[in-house]
Number of protein chains: 2
Amino acid sequence: MMGEETPKARKPRADQLRNRERLLEAAREVFRGEGGSLEEVARRAELGIGTLYRHFPTREALFQAVYAREVEVLERRAAEDGLKDWMQAVLQMMATKKGMVAALAPVFEPESSFFSDQSLRIRAAVAALHARAVEEGAVRPDVTSDDLMRVLMALGYGPGADPARADLLLEVFLDGLRPR
Amino acid sequence: MMGEETPKARKPRADQLRNRERLLEAAREVFRGEGGSLEEVARRAELGIGTLYRHFPTREALFQAVYAREVEVLERRAAEDGLKDWMQAVLQMMATKKGMVAALAPVFEPESSFFSDQSLRIRAAVAALHARAVEEGAVRPDVTSDDLMRVLMALGYGPGADPARADLLLEVFLDGLRPR
DNA sequence: TGCAAAACGGAGGCACCCTCCGTATTAATG
DNA sequence: CATTAATACGGAGGGTGCCTCCGTTTTGCA
């Protein structure tokens, strides 16, 4: 047939690209602290709220775009680091980027995993890390890789979580993780 | 002088008492799940939102009133139970009363502890429990009693927390808690 | 330069938070 | 009882945030 797979391909508008960057930049600032609102992001980017929603239809889409790089780093490190190093890295990342939980949390929401390809990738990376650790005898086998994620999320974001204590608590947990 | 310490003491109005009960009852229902709004509580109690706020000036005041009994139970058990039993009890309580975190969380907010006498009591109870456990050699001494609370809150309410796994994770943590 | 496609912006509907104050109820008093 | 002052009630109203919809503006392409 004559119609190729890419029919026409109009060049994307300049304002579209520019505004997407502005939004991401504003979002990065706003999400450093916790509880930033989307309207705040739009305001800071000096763009209408409608524009924000067109670029990122859901709150999650925005979080995922903002933390794409970080998630990638975690994924890569999961292939190389040991369990302890990796978990520490995650905790540290969470300490400075409060919004990041929103990029990670979908791991636990079955329905949303439709779209959250990042969740799936992280999940797979942790699963591999976990498998290695079990094999090495560092982790008792009745603790799942999801459990590891759970603990990380909890230590990083649970009520009363404190970055200054998280490291110690992680150590305690890892100690307990060894098969009896 | 003639003015006694209790000058006159007018009998409290009947509607006041009645409505307080209605509000608490409605709140108990609403807070079973998570994310109930105060307006929802007022609505369910068939009372104006103003009335709710007069009885319970802050969100926390309401939570504390709702969970006063539970907190008391926890306080009492802390004096008798071992660390493990007690922590399990807390987890179980949290699993059915999502709103309860709001009654416990103030433990970590220094400013609010002004009023939160319940927080202070829980804190003291846990401190005693913790001290006993350290003495018995069940808990390494660099882990504080606040850390124990933190872990409980995290396992019970952290993102992705799952009552079905919480027990196992608690066990792991307790294992790791022993001095090396 | 013209014009259709694409993107923008914000008004508007909804929910919730919390405060303030006019109105209604009640306990005390004669 | 009837009166009245104290007390409690209710909800309007002002603020914030969520998200959608659509009239207006901008931009790529011819």
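In the text below, chain A, chain B and the rest are named by the order of the sequence lines, each starting its count at 1.
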* Asked: Between D:dT26 atom C1' and A:Asp15 atom CG, what is the distance in whole Å?
  -> 6 Å

* B:Lys11 NZ to C:dT29 P: how many Å, rounded? -> 12 Å

* Determine, for B:Arg18 against B:Asp15, whether the closest basic-nitrogen to carboxylate-oxygen distance falls under 4.0 angstrom. => no

* **Test item: B:Tyr157 side-chain N/O and B:Lys98 main-chain N/O as donor-acceptor pair under 3.5 Å** => yes

* To do: Without swapping roles, check the side chain of B:Arg123 against the backbone of B:Val107 for a donor-acceptor pair under 3.5 Å.
  => yes

* **Integer-rounded Å distance: C:dA6 C1' and A:Leu17 CG** => 13 Å

* To do: Mark yes or no for a side-chain to base donor-acceptor pair under 3.5 Å between A:Arg13 and D:dT26, with no hydrogen or angle criteria applied.
  => yes

* To do: Could you run through nucleotides 13-21 of chain D and give me one letter per nucleotide, 5' to 3': B if any protein heavy atom sits under 4.0 Å from the base, S if only the sugar-phosphate is that close, - if neither?
  => ----BBBB-

* To do: Using a heavy-atom cut-off of under 4.0 Å over every strand shown, decide if A:Ala42 touches base, sugar-phosphate, or nothing.
  => nothing

* **Distance in angstrom units between B:Glu34 CD and C:dC16 P, rounded** => 15 Å

* Selection from D:dA6, D:dC29, D:dA8 that lies nearest to any side-chain heavy atom of A:Arg10 -> D:dC29

* **Residues B:Glu72, B:Arg69: salt bridge by 4.0 Å N-O rule** => no

* B:Asn19 CG to C:dA24 P, straight-line distance once rounded to whole Å -> 17 Å

* Donor-acceptor pair, A:His130 side chain versus A:Asp146 backbone, under 3.5 Å? -> no

* **Rounded interatomic separation in angstrom, taking CZ from A:Arg18 and P from C:dC8** => 8 Å

* Counting only N and O atoms by type, is there a donor-acceptor contact under 3.5 Å from the side chain of A:Arg77 to the main-chain atoms of A:Trp86? -> no

* Asked: Should A:Glu40 and A:Arg43 count as an ion pair when the cut-off is N to O under 4.0 Å?
  -> yes

* Taking atom P of D:dA8 as reference, at what distance in whole Å does atom CG of B:Leu52 sit? -> 15 Å

* Give a yes/no answer on whether the side chain of B:Thr51 brings an N or O atom under 4.0 Å of OP1 or OP2 in D:dG10. => yes

* Asked: Between atom CZ in A:Arg22 and atom C1' in C:dG9, what is the gap in whole Å?
  -> 14 Å

